[in-house]
Every structure is written in structure tokens, then in C-alpha cells.
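Taking it in order: structure first as C-alpha cells, then the write-up.
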Amino acid sequence: MNAPLSPQTAPAATGYNFAYLDEQTKRMIRRALLKAVAIPGHQVPFAARDMPMPYGWGTGGIQVTAAILGSGDVLKVIDQGADDTTNAVSIRAFFQKTANVAVTTRTAEATVIQTRHRIPEKPLKAGQTLVFQVPIPEPLRFLEPRETETRVMHALADYGLMHVKLYEDIAKHGHIAKTYAYPVEVEGRYVMDPSPIPKFDNPKLSMSPALQLFGAGREKRIYALPPFTRVKSLDFEDHPFEPTRFEAPCALCGATDSYLDEVVTDDRGTRMFVCSDTDHCEERRADGHRGLLAGDDLVDTITREADVERDDGAPIVPLP
Amino acid sequence: MNAHSPTLAAGFVDPVHEAQTCFRAVLDALAEPGTARAVAGITEPPAPLSAVAASVIATLADFETTIWRDAALATPAVDAWIAFHTGARLVEDPREATFALIADAANAPAWDAFALGTDLDPSTSTTVILQVDGFDAGARYHLAGPGIETTRDVAVAGAPADLAARGRANRDLFPRGVDLVLAGPTAIVGLPRTTRLEEIG
Amino acid sequence: MYVSVKGGEAAIRRAHRLLADRRRGARDVAEIVPDQIREQLSLAVDRVMNEGALHDRDLAALAVKQARGDLIEAAFLVRAYRTTLPRFGASRPIDTGAMAVERRISATYKDLPGGQILGPTFDYTHRLIDFALASEGETPAPERLDAPSGDGPAAEIPRVTELLAMEGLIEAEPESDDETAVGDLTRAPLRIPAGRDLRLQQLARGDEGFLLALGYSTQRGYGSTHPFAGEIRIGAVEVDFEAPELGFAVPLGAITVSECQMINQFAGSSKVAPTFTRGYGLAFGQVERKVMAMALVDRALRTEELGGAVTAPAQDQEFVLSHADNVQATGFVEHLKLPHYVDFQAELALVRAMRAEHEARIEAEFLDEDGLEEAAE
């Protein structure tokens, strides 16, 4: 569903302000965003509002998107890399309704991309803004639950606790046992939670031409990475950071460099691996790339399984 | 409020969309230091407040913020305009300012006269909106830091003569420090506290 | 396409239709109207107003209907609506001393000026299901006893804490301070340590069950405060709003509130004579359990300022204030049902890799030792 890209001028149909938030709230968020950009990786407190969707479901990202969105923007919303996951569909519909904004599934066409848990595979360009939904913005939270303590650690750049934890992992498991929300150091100063993206995506954070904004609604924090900011995944000389690699290519498009979802295809545990970034996979297939299992039969099967809702027009039967 | 200022100059015509456009210019200016970002919207604020500086302050300030303005801007007309279009509280102590508006760049106070934030809360520092003559001529600076892939050069006419030295002193305070928005005649340039600034003539 | 975008949209649309159907229930039963909820499920309405942080009985009743009786969901609906309302300012502090009291009890004095007024309480009802309520039939109106003062305005009923204060036996009430603005945790992010104004705000909108459990924990020794229910009063109070441009207060109307003043364990030192201390609870409507629990937790949260050591959960500001909000809590707990397959895939890959390494290590150890001998055992 690639909507036309022409600027939308018709007023939003809801009776709410453009992009839902009132102007005073937008100004408050905008001020926080400017300070976040000026102090890369630092969590700026902001007075997050109660939103009409649940905390933990992207209220921080939604508030950031609402504060930056203009009528000329083209919005893409993904969850787990896909445009069609229900929460991504719901958030996209929210902005269509309240801001009448153009939407797209194409990474390249979007000016603002709101995401949960992934960074698109297609390299982002200058002028694009990536808005991350963040559940727990504090990278030290699982080592020290008290914010009164972790704030001091950030103020002193005292990240010894984090290094000890990562090293304990190596001693115990032979690995840093962190596969997502893998902590990063920003410009040699702040340790930052990159949101629960897989560590596969961590290298994309660094020196990106796009602006990256992070919103945590329930925890009331905003932080940012300006374009071309140096972001380093924490590691040790003898245990360098290694992004996750996949053994097999995508079964549909044959990509060997993308993050894959494991799809269980029968009750005997048969599995296939397909791109988590649905736009990336579709574009590759449109360009003629084919994976091992890209036969039309299989694609149809998966489509039917995923689209669980029957569309036979049967009336909904009331409870007896 | 309009009643006792019958000649009060207008603000944004379409506040929602003009403020959004102006905000994105400020966001991009601070995210990519040294790039000039066009700002339009407010056309005829009371002198010596410039149209660009007026648009920026109308976009960002409200009753939850405070504004310090320099002596050149401390006129009844400017004060009335700020009060009406932002609702922000004017303060005389620069340390209490969320925003500072400076028209007389040559006599700008040292940056550390403003709120610098704390190590715990570095975001509570002042954002300084400094009116300058433009970005086509004047002293040239070599910039580096977040938002700049390698280095970026920028010319600023009408900035304080010691802009580079001020930038170094400000940067030494990191993560504390002020953030600068240079307001030219039609565009802004952002110099956040992270930007390294070297004068090259 | 691998999964069609339309599928998700259609699924959501149909799920919402099904939800509306289930909310309605069997069509041969009359549909409930919000007025019935407001009048007959009024304690649910009160709870929703408190946790939704908005005093609007009609809106709360409608939210209860829309939420199918899920009170946290109803509070969430009210909160999201509240966000969109303009904020004109703060009312004058209400005067519960001037309350038109409907219920007033004290556990600290057998009799006292103003008397003990039971009011509409579940106390002393035998909790026997009243099967008569399942059938039609009008409830008789309550008996009315003429107040001794006749038709005139009810005399103010003194607060128990005021009686103690006359003897200096209880810590002074904090001075009211018109200069400093009362904090508003919806306009500025909560910072710990928080002032008592913000703490009480968070407790007033906090989850009743959470406060109940915390208050209970203090009674069981986790931060004991030796509480006495000095006074609980429920009734209507006037709300006045002072508009800056008018320069005088305008009455907005009367609301029902519940107030609990707990009298707690004394504090003192070699220099300061011992006095009892206060814990305070106040909330919209008839919410006695809520304000009692709130008063216990308020007092527990004052442990540090009263010179005590913070050792128990109810005394821990950051723990209590960060977890009291059930709209936040339910969102984050329930977000676990959103897809996490990207992160789970990353964990799967790691666990598989570590298991493979573990197998290899065991095998290597097995070969290092005398494998045959061990295998024979």
C-alpha cells in the first residue's frame, strides 16, 4: 500500500489537533528533542503524556513522531521489520487519521520511519529520520534498578558496572550474553540503550546519514543520535563485538546479509528463514532475486497462514 | 493582552504548520551543525528582533519556559511581542534562561553566564539564539563533531569575534554547555555544544 | 507478498467489531445505560475517576461501559481523554473541614465533637449474597433523622487531628504556601526524591490494589508505622477556582471526596518533644479503602524525612512511585504480547550456539579422559 506522495492538505478528520498532540505538548517534546540532539546519547527527561494507546506499545515513539511530523512527510511504520504487524498497522492508521499524512512501506520513499526492534536493511539517507520506540531507555537498568543511582553513573561516566557484567557473561558463557538491546557508547561518552534492536543492527547506528530519535513514553525519556555520530558497541579487546550471522540465506529472496525470522512451517519442527524486513525482501524479489523456497505455492501457503482472519463475510455471531 | 498593544506585530499565520516547519529547521540545524537551514514564517517583528529569531522563539518558547534578551532587545515593543506570542516569562538573570535572544552579538555575554545545566541534567542549559548578519561572508570556521561526516566549513558574518574561543570553552564543559542557534536574515545555523570550532580566516 | 498489509488492517477491524459484540452481550438482555452505571455502580465510577485522574462521573460511567467493566481499561480511557483537555490552572485547596459530612468515623476516640456517623458503609453488613437483588423491587428510601441543628447549615465538624494539635500532640500540619506552585506530575517528569505534593498526586491516581498491598505490608512489619485511623470522613466539598484575571475565587461546584487522617507512631528526639505523625489520604468519591491505604503509604514514604531508615518496599519512594500507576503497569506488562520474534530469534541463535559449544566441550572432555572406561560404567 504505497500511498500517493503528494502533500496532503485536507484537515485531519478527528477534531483533534494535527498529529493528535496539542501545540503546547509538541513544543515541550520539541525542546527535549533539541537538547537530545545536542547531547548525543543522553536521556533527556520529558513530560510524556497519557496517549490513547497503551504504555509499552510505542507511546514514546508516537509522541516523538507527532512532534516532528509535517504535512509534507511520508511516514513508514514497522514493527519487527515488517509494515504489516498489527501494532505497526495500528500506529500508521493513527497518523493517517490524525495527521492525514502520506504513508509508504518503501524505506527509500519515507522521510520519517517509526520503528520497533529493527533498523531497515536498506541504508538510510540524509534527510530521513528514524524514530525508535523504546521500552527501557536506561542501559544500566538491569544492573541497577534505581534511577537515582544510574543517573549518577551517567553523570560521572562511571560504566564499570556494565563492563563487569559483560565480562562476567564471557567468563560464564564464553559470550557476551546480550543479543538485543546491546549497549553502545556514543562519541566516547554516554552509554546508551539502542532499544531492543538485535545486535545485528548495531553497526547501522554508527555514522548513519539519517537522524535517529529515541522515545520512551512510560519512562519519560527522549534521546538522539545526530547523523554521522560515532556509536560503538561495547566489547573487549579479546572479545570484540560480533553481530549475529545467519547460516542460511533468506528462503524467499536469497539475501545473505539481512536479519532473518525463523518461521516454523509444520508440526514436525520444519523451519524456514525469511527476511524480517518485509520491504527489503519484496524489493529484492521484485528485482528478480529468488531464494530456495520462493516457489509461488509456498508463498501462497505462508500468506494464508499469516492472514489468519477469515474474509468470508460471515456474520459475527453474538454470544448466546 | 492585545488590547493594550494595538499595534502588536503578527506571529505565525498558520501556527501549527509554520511552527512545525520552523522546528524541523532548528532540529536539522542542530543535528547537522554548520548547515544553513531556511526559516520563514514571521515577517515583521518589532526591531531589532529579526524575523528569523522571532520565528524560532515563537516556535519553541511558551509559558513553561523563560527568556533572557540582551539590552538591545529589551524594548517595550519586543517585550510585548514576546509576551503575547510566547507567554514565556522574561528573566533578567541569564542563568535562569531557557532561551536567550541576542541582537548585539559583539557584546554578547560569555556563554558561561547562561544556564549550563548540570552533570546530572545537562539538558537544562540555555539555548542561545544569536542574531548574525549572514552565512555568505565573514569569518570562516572549520567544524567537526557529531552531525558532521568529516569536517564542514561555515562562514558567519557578524558573530562575536571570539566565537571559536567561546566554542572551545563551552565544549570543555561537556556534557554541560549552551547550544547556539545563529539566526541570519533568512536562515539559521546550529552550533550545539558538541561542535568543535576552529577559525580559518 | 509474504503477508499482506490489508490482512492486518482487516484483522484489527474485525477484532474491534467482535469486541463491540461481546461488550453488548446477549441481545435479549436490555442494554445498560451510563446513567445506571453512574448511579448503581458508583464505587466503580469513583475508582475510575481516581485512577483516570479526572473528576467526571458521566465520563467515567461511560468508560466503564465501553471497557466492559474492566476498571483499569476504563481509567485508561479517561486518562487518554484527559490528555486532550486544556489546563486552566489549579483550584483553591478544598476545605474538608467544611465538608457536608455523610460519613465520619474515628478509631481513636469513643465519642467526639460531631459524633461518629456511619453513613453508607459496607461495614457491619453480613456478607451474605442478597438474592432479593436479583429480582425486581424498589429499594426503600433511607430514614432521615433531623439534625439537632434543624434546617440550618451543618455545623463544621472538627478534625480529630485538630483536637490533638490543640495539645501539641501531633506534628503541625505543613503551612499552606501560596507562593510555591503545586507540582503537577503530568506536566513535568517525576524526579526522585519527590516532594509530598507529587507523592500524594501519584498515590491518589495510583492503583488501589497496589496501595492496598503496600499499606498491608506496613502493617505486617515491612516498615511498621503503628497507625491509628484518626479520622475518616466522606462527603461533599466546594471547589473554588481563582482565575487570575478576575482576582477572586469562583465556585465550580461540589464534589464528593474521601479523606483519611492516620495518626502514626510518634517521633521526637532529646531536643524535640515526641509527637504523633501524620499520614494522609484523599481521593474522589467514596473510596475508603483507597484513602486508608494511601494514608499508610504516605506515612511510610515520609520515613526518611522523619529520620527513619528506609528498609521496606512501602518506604521506598522510587519503588512505590515508579510502580503505582496501573495504566503504565498494564501497558508494559501487556506489551509482552506484542511480537518479539526479532529479539527471540537473536536469543535462539545464542542459546543454540552456546549449547553446541557445550556439547563440543563435553565431548572433548570425554575423549580426554578414558572414554571407554567411563562408557562401561
Check your understanding: Considering only heavy atoms, which portion of Ile148(B) lies under 4.5 Å from any heavy atom of chain A: side chain, backbone, both, or neither?
Key -> backbone

Exercise for review: Specify the closest pair of heavy atoms between Leu27(B) and Leu34(A), including all atoms of both residues, with the distance to one decimal.
Suggested key: CA-CD2, 3.6 Å

Check your understanding: So, are Glu64(B) and Arg27(A) salt-bridged, with charged N and O less than 4.0 Å apart?
Key -> no

Review point. At a heavy-atom separation under 4.5 Å, does Arg189(A) approach chain B through its side chain, its backbone, both, or neither?
Key: side chain

Practice item. Please flag which part of Leu211(A) lies under 4.5 Å from any non-hydrogen atom of chain B: side chain, backbone, both or neither. Key: side chain

Check your understanding: Is Ile39(A) close to Ser125(B) at the side-chain level, that is, under 4.5 Å between some pair of heavy atoms?
Key -> no

Study note, to complete from the structure: Among Thr127(B), Asp119(B), Thr194(B), Leu120(B), the residue with the most heavy-atom pairs under 4.5 Å to chain A is Leu120(B)

Check your understanding: Is the shortest distance from a Lys or Arg side-chain nitrogen in Asp62(B) or Arg30(A) to a carboxylate oxygen in the other one below 4.0 Å?
Key -> no

Practice item. Go through the atoms of Val152(A) and report whether side chain, backbone, both or neither lie under 4.5 Å from a heavy atom of chain B. Key: both

Practice item. Go through the steps to decide whether Asn17(A) and Val16(B) satisfy the test side-chain contact (heavy atoms from CB on, under 4.5 Å), and finish with yes or no. Key: CA-CA 9 Å; Asn17(A) 192 27; Val16(B) 171; 3.7 Å; yes

**Study point:** chain B contacts, top residue of Gly127(A), Ala32(A), Ala38(A) (heavy-atom pairs, under 4.5 Å)
**Key:** Ala38(A)

Point to revise | No-hydrogen, no-angle side-chain donor-acceptor test under 3.5 Å, Thr124(B) and Lys35(A) | key: no

Point to revise | Contact origin within Leu69(A) toward chain B - heavy atom pairs under 4.5 Å | key: backbone

Review point. Within the side chain of Arg31(A), is there an N or O that forms a donor-acceptor pair under 3.5 Å with the backbone of Leu60(B)?
Key: yes

Review point. Who in residues 174-189 of chain B is close to chain A, using a strict under-4.5 Å heavy-atom cut-off?
Key: Phe174(B), Pro175(B), Asp179(B)

Review point. Where does His154(A) contact chain B at under 4.5 Å (heavy atoms): side chain, backbone, both or neither?
Key: neither

Point to revise | Part of Ala36(A) lying under 4.5 Å from any heavy atom of chain B | key: neither

Revision key, fill the gap. Heavy atoms of Gly147(B) and Thr229(A) approach each other most closely as N-OG1, 4.2 Å

**Study point:** Heavy-atom contact with chain A under 4.5 Å, split by part of Thr21(B)
**Key:** neither

Practice item. Could you tell me whether Asp136(B) atom CG has more than 12 heavy atoms of other residues or ligands within 6.0 Å of it? Key: no

Review point. Is chain A contacted by the side chain of Ala19(B), its backbone, both, or neither, given a heavy-atom distance below 4.5 Å?
Key: both

**Study point:** Interface residues of residues 31-52 of chain B facing chain A - non-hydrogen atoms under 4.5 Å apart
**Key:** Ala31(B), Glu32(B)

**Study point:** Which atoms of Asp73(A) approach chain B - backbone, side chain, both or neither, heavy atom under 4.5 Å
**Key:** side chain

Revision key, fill the gap. When the 4.5 angstrom heavy-atom criterion is applied to Gln24(A) and chain B, the contacting part is both

Check your understanding: Once you round to the nearest 0.5 Å, how far does CG of Leu33(A) lie from OG of Ser123(B)?
Key -> 11.5 Å

